[in-house]
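This report refers to the structure that appears directly beneath it.
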Amino acid sequence: MKRFIYLLFVILSGSTALPASAAIQSTEYAGYLFAYFTGNDKSGEAVRYAISYDGLNYRALNGNRPVLDSETIGSTGGVRDPHILRGADGETFYMVLTDMVSANGWNSNRAMVLLKSTDLVNWTSTVVNIQETYPKQDDLLRVWAPQTIYDPGAGKYMVYWSMKHGDGPDIIYYAYANAAFTGFEGEPKPLFLPENGKSCIDGDIVLKDGVYHLFYKTEGDGNGIKVATASSLTAGSWQEQPDYKQQTVDAVEGSCVVKLIDSETHILMYDVYMKGRYQFTKSTDLRHFDAIEEGISMDFKPRHGTVIPITADELERLTDRWGMPSDFAEANLTDSTRRNPVLKGSYADPDILYSSKTGKYYIYPTSDGFDGWGGYAFKVFSSTDLVHWEDEGVILDLKADVPWAGRNAWAPCIEEKEIDGQYRYFFYFTGAQKIGVAVADHPTGPFRDLGKPLIDFKPEGVSGGQEIDPDVFTDPMSGKSYLYWGNGYMAVAELNDDMVSIKRETIRVITPDRTFREGAYIIYRNGTYYFLWSEDDTRSPNYRIRYGTSDSPLGPINVPDDNLILSKDPGLGIYGTGHNSVLQIPGKDEWYIVYHRFRYPDGILLGDAAGYNREVCIDRMEFDTDGRILPVKPTHGGITRF
């Protein structure tokens with residue numbers, strides 16, 4: 001089986017974070033393993049696995065069937081609440097389970113299961129029956145939801161879980177495991193009980209900034225997830241936070257916290273068990289959490305489980321054993337086949353050119369990653385194969401080269417023209433919400449600004465929107481060149497032969513319909529003019545591309561039914577797909593669409609900031625026999641043309 005790429009933007013599990021001595025570095029992780037069970041019946045009370053490439057979108061292994069035999073590893077025939085920890089050596093794994101069949105009653109179990117593995121596939125197991133092993137447990141009713149954490153002070157693995165005795169509350173206890181992880185060194189001791197003396201279950205301990213954060217579910221006094229903090233695991237000095245952390249009014253349990261590797265954002269996920277779903281929330285301080293409304297998907301319905309990061313070898317081992325989920329492979333490519341994004345770094349609004357002068361391809365993007373779209377310089381990238389791109393550097397600096405603008409360098413476009421036997425390059429760009437033009441003798445410049453804006457006015461009849469997002473199109477039938485622009489409206493004007501001025505009398509507003517927002521782009525194929533545009537706001541996950549057709553570069557534009565051709569794919573973690581250009585391979589009916597999307601994989605979590613943390617991608621664009629543009633599937637694989 002193919003090897004998986006090491007993802008730089010992956011998520012470390014906060015609740016199962018490795019101790020400082022772990023042998024594996026975070027940059028070696030390639031994905032995530034989610035261990036869970038599925039329901040309150042014997043068939044659902046078994047360990048199942050799912051995998052993820054971004055920690056937000058999970059696909060079940062083994063067809064959502066069990067990966068361990070509950071009858072073999074447990075004493076009741078059922079197991080629940082799986083928790084996996086990677087050991088201090090980085091190579092050994094520890095799993096703990098509730099040994100229980102719920103059909104026998106919620107007060108029916110007295111045991112947990114301890115398991116150990118070196119490959120996540122083959123496990124040795126031991127049942128630890130608390131009532132049979134330790135004295136003074138005659139009134140023990142239940143043993144629930146064990147978890148494990150490495151205590152560096154003790155140099156041991158501490159298992160913690162909740163127990164209920166008689167009429168008392170559920171209390172979280174702990175004990176240190178023996179070296180073989182087949183039992184405990186001493187009797188269970190209380191770890192935490194809320195100050196109100198009420199029940200607490202489903203503990204999940206996260207270490208952040210030297211402070212242990214215990215997430216737990218309250219029962220009998222409210223019903224939800226709270227947090228207590230302490231500087232020591234077993235000193236008993238827990239400080240309780242007063243508020244509930246879940247972002248729903250529905251009943252929840254089984255919290256698990258994971259952390260984004262490239263930021264301070266933590267994900268708190270929990271089982272909304274009465275609704276048969278999981279909810280994900282985010283936080284940077286483990287105190288205040290916001291619900292994540294987009295970017296989460298699962299092809300199964302899990303109950304209480306936990307997540308650990310895994311390496312490429314471990315991910316391969318799991319899929320070798322239980323198969324690759326059908327829609328997972330595209331997002332887990334080898335480092336030699338992953339193509340999107342095609343430019344390294346944050347860029348947006350790409351315009352692509354094939355230069356007859358140089359025989360190379362060029363992308364002219366917006367330099368992204370600046371708060372509020374605050375970039376002020378344009379760069380260009382070159383390629384001989386559409387796959388490998390070279391940064392050619394800055395070609396126009398608004399602060400240094402364009403005194404009438406100086407800011408907000410957005411959405412450029414380029415046109416190559418042969419004039420008097422010499423190739424000239426006309427670079428149209430947005431600066432300070434006006435459109436300018438600069439000229440060069442080579443695709444990489446140097447470009448010289450005209451000295452004044454080309455478009456700094458609204459067309460007649462237009463009162464809103466912005467004068468941004470230019471596109472230039474030369475009609476192959478007439479040889480005439482046209483400039484298109486507008487945000488909130490689409491305008492067009494014929495360019496004069498000098499390519500740096502327009503024929504004002506030709507200005508028209510040809511907005512196709514209400515879906516038009518910005519980013520017009522025009523191509524010609526088999527007698528038809530195709531108009532592509534972006535719908536919605538670039539900060540929206542639903543930013544997307546539609547198209548219409550015309551018999552003329554001046555419109556009017558016919559908008560066909562089902563004209564959406566590029567949009568988000570939550571299953572692949574792809575959002576905000578818009579503002580495109582299109583490339584036709586010279587002399588061939590072979591087409592590619594170049595567009596931007598939210599930075600992968602964490603852009604969806606950035607809110608409005610996703611709109612200026614974007615990346616450039618290329619995918620194949622095709623037509624049907626009637627000339628309709630077929631929907632484009634956005635990919636991580638991109639193209640492998642050469």
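Note: hydrogens, waters and symmetry copies are ignored here, and every other heavy atom, side chains too, is used.
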Judged by atom type as modelled, is there a donor-acceptor pair below 3.5 Å linking the side chain of [X] to the main-chain atoms of [Y]?
{"X": "D99", "Y": "S75", "result": "yes"}
{"X": "R48", "Y": "N64", "result": "yes"}
{"X": "N109", "Y": "W144", "result": "no"}
{"X": "W373", "Y": "F370", "result": "no"}
{"X": "T248", "Y": "D250", "result": "yes"}
{"X": "T76", "Y": "M100", "result": "yes"}
{"X": "T124", "Y": "S117", "result": "no"}
{"X": "N613", "Y": "A609", "result": "yes"}
{"X": "R599", "Y": "G603", "result": "no"}
{"X": "T366", "Y": "D368", "result": "no"}

Within the 4.5 Å heavy-atom criterion, are [X] and [Y] side-chain neighbours or not?
{"X": "S231", "Y": "Y212", "answer": "no"}
{"X": "R110", "Y": "I130", "answer": "no"}
{"X": "L97", "Y": "L115", "answer": "yes"}
{"X": "W238", "Y": "L214", "answer": "yes"}
{"X": "P570", "Y": "L572", "answer": "no"}
{"X": "T234", "Y": "M158", "answer": "yes"}
{"X": "C200", "Y": "T218", "answer": "no"}
{"X": "I308", "Y": "F93", "answer": "yes"}

* To do: List the steps and the verdict of ring pair (Phe, Tyr, Trp, His ring centres under 6.0 Å) for Y36 and Y49.
  => CA-CA 7 Å; Y36 61 96; Y49 281 169; 8.4 Å; no

* To do: Just do the side chain to side chain contact (heavy atoms under 4.5 Å, CB included) check on T265 and D602 with the steps written out, would you?
  => CA-CA 10 Å; T265 299; D602 66 331; over 6 Å; no

Quick one: closest heavy-atom pair of [X] and [Y], and the distance?
{"X": "V252", "Y": "G224", "result": "CG2-CA, 4.2 Å"}
{"X": "P146", "Y": "M112", "result": "CB-SD, 3.9 Å"}
{"X": "L193", "Y": "E240", "result": "O-OE2, 4.3 Å"}
{"X": "G78", "Y": "V101", "result": "N-CG2, 3.5 Å"}
{"X": "G186", "Y": "Y134", "result": "O-OH, 3.4 Å"}
{"X": "G74", "Y": "V113", "result": "CA-CG2, 4.1 Å"}

* **Test side chain to side chain contact (heavy atoms under 4.5 Å, CB included) applied to D243 and Q241, step by step** => CA-CA 6 Å; D243 57 322; Q241 296 179 16; 4.0 Å; yes

* side-chain hydrogen bond (donor to acceptor under 3.5 Å, both in side chains) assessment of R59 paired with S297 -> CA-CA 8 Å; R59 295 297 178 266; S297 67; 3.2 Å; yes

Check this for me, if you would: do [X] and [Y] make a salt bridge, where the nitrogen-to-carboxylate-oxygen distance has to be below 4.0 angstrom?
{"X": "R597", "Y": "E615", "result": "yes"}
{"X": "E185", "Y": "K156", "result": "yes"}
{"X": "R321", "Y": "E316", "result": "no"}

* Is NZ or CZ of K226 both nearer than 6.0 Å to the six-membered ring centre of Y216 and within 45° of the ring axis? ->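 No - K226 does not lie over the ring of Y216 by the 6.0 Å and 45° rule.
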
* To do: List the steps, then state whether ring pair (Phe, Tyr, Trp, His ring centres under 6.0 Å) holds for Y543 with H596.
  => CA-CA 10 Å; Y543 196 52; H596 71 236; 5.6 Å; yes

In terms of side-chain heavy atoms, does [X] have a donor or acceptor partner in [Y] at a distance below 3.5 Å?
{"X": "T538", "Y": "Y612", "value": "no"}
{"X": "Q131", "Y": "D138", "value": "no"}
{"X": "T311", "Y": "D313", "value": "no"}
{"X": "S52", "Y": "N57", "value": "no"}
{"X": "Y157", "Y": "N178", "value": "no"}
{"X": "S162", "Y": "D170", "value": "no"}
{"X": "N129", "Y": "T133", "value": "no"}
{"X": "T118", "Y": "E91", "value": "no"}
{"X": "T92", "Y": "D89", "value": "yes"}

* Check the surroundings of atom NZ in K301: do more than 12 heavy atoms from other residues, nucleotides or ligands lie under 6.0 Å from it? =>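 Open.
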
* For Y376, does the OH atom sit with more than 12 other heavy atoms under 6.0 Å from it, leaving out its own atoms? ->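 No - once you tally the heavy atoms of other residues, nucleotides and ligands closer than 6.0 Å, there are 12 at most.
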
Would you compute the distance between atom [atom1] of [X] and atom [atom2] of [Y] and round it to the nearest 0.5 angstrom?
{"X": "M95", "Y": "S125", "atom1": "CE", "atom2": "OG", "value": "9.5 Å"}
{"X": "T306", "Y": "Q147", "atom1": "OG1", "atom2": "CD", "value": "6.0 Å"}
{"X": "D139", "Y": "D167", "atom1": "CG", "atom2": "CG", "value": "9.0 Å"}

* Pick out which of L233, V257, T148 makes a side-chain contact (heavy atoms from CB on, under 4.5 Å) with I205. =>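 Among the candidates, only L233 passes.
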
* Decide yes or no on salt bridge (Lys or Arg N to Asp or Glu O under 4.0 Å) for E314 and R86, but give the supporting numbers first. => CA-CA 12 Å; E314 291 158 357; R86 185 188 296 274; 2.8 Å; yes

* Before giving the answer on side chain to side chain contact (heavy atoms under 4.5 Å, CB included), spell out for I171 and M163 the whole-Å C-alpha distance, their side-chain angles and the decisive distance to 0.1 Å. => CA-CA 6 Å; I171 297 174; M163 293 195 297; over 6 Å; no

* Summary of side chain to side chain donor-acceptor pair (under 3.5 Å) pairs that have at least one residue in residues 271-286, sequence neighbours excluded ->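 Passing the test, one end in residues 271-286: K217-Y273, Y270-Q279, D271-R303, S283-D285, D285-H288.
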
* To do: Go through the steps for V79 and I73 under the test side chain to side chain contact (heavy atoms under 4.5 Å, CB included), then give the verdict.
  => CA-CA 9 Å; V79 294; I73 63 176; 4.3 Å; yes

* Asked: With ring centroids as reference points, do W161 and F184 lie under 6.0 angstrom apart?
  ->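 Yes; F184 has its ring centre under 6.0 Å from that of W161.
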
* Kindly say whether the aromatic ring centers of F37 and H304 come within a distance under 6.0 Å. =>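 Not close enough - the centres of the two rings lie 6.0 Å or further apart.
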
* Apply side-chain hydrogen bond (donor to acceptor under 3.5 Å, both in side chains) to S102 and E45, showing your working. => CA-CA 8 Å; S102 60; E45 290 171 327; 2.8 Å; yes

* Asked: What residues form a salt bridge (charged side-chain N to carboxylate O under 4.0 Å, His left out) with K568, not counting sequence neighbours?
  ->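 Testing K568 for salt bridge (charged side-chain N to carboxylate O under 4.0 Å, His left out), a comparison that skips the adjacent residues, returns E294.
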
